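These notes are about the structure you will find just below.
Residue numbers start at 1 and run along the sequence shown. From a predicted model like this one, the values you see are computed outputs, not experimental measurements.
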Amino acid sequence: MDEADPLSALERALRDALGSLPRDQVVRCVASVLPAAHLIATSGPLHGGKVKKVSVSMPEELVDAVKSRAGAGGFSRYVTDAVQEQSRLDLLDELSAELEAEFGPIPEDIREQTRRTWPNYPAE
């Protein structure tokens, strides 16, 4: 890797990956190592910064399930983490659509080949 220009090296690595693997697979791999905060344009961190109290309506069973998982005082953090993750997935879907618009869809034969060779890749 070119230490003087790590972003160019990263860009080359991403282009190589996009050239040889299905786009959605590359996006999933990249997303798995990036904190969601890097994918969401904000002026500060999503946790630990300013907060705003909001009211959300949820099915009672879901509220009970979140409370049982989150523990005392963890409800807001749990819901914030879930919304943050969904926001990250939405942004990845947008990126995926942009990449497909620019480079076209991944041919099915390449998708199948990748599924056979990529360890632990979930079936669609």
Please output the side-chain donor-acceptor pairs of residues 51-61 that fall under 3.5 Å, not counting sequence neighbours, one pair per line with the distance.
none

Q. How would you list, by chain and number, every residue that makes a side chain to side chain contact (heavy atoms under 4.5 Å, CB included) with Gln113, sequence neighbours excluded?
A.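 Side chain to side chain contact (heavy atoms under 4.5 Å, CB included) list for Gln113, sorted by chain: Arg116.
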**Q.** Which residues share a side chain to side chain contact (heavy atoms under 4.5 Å, CB included) with Glu98, sequence neighbours left out
**A.**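 With sequence neighbours excluded, Glu98 shows a side chain to side chain contact (heavy atoms under 4.5 Å, CB included) to no residue whatsoever.
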Q | Cluster link Leu92 to Leu99, ILVMFWY, side chain under 4.5 Å | A |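 Yes, Leu92 connects to Leu99 through the hydrophobic network.
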Q. Are Val83 and Val63 grouped together when hydrophobic residues (ILVMFWY) are joined by side-chain heavy atoms under 4.5 angstrom apart?
A.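 Linked within one cluster.
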Give, for atom [atom1] of [X] and atom [atom2] of [Y], the distance between the pair rounded to the nearest 0.5 Å.
X	Y	atom1	atom2	result
Leu95	Arg88	CG	CZ	12.0 Å
Gln84	Arg77	CD	CZ	8.5 Å
Glu112	Thr117	CD	OG1	10.5 Å

Q. Looking only at heavy atoms, what is the nearest atom pair of Ala70 and Tyr78, with distance?
A.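 So the two residues come closest at CB-CB, 3.8 Å.
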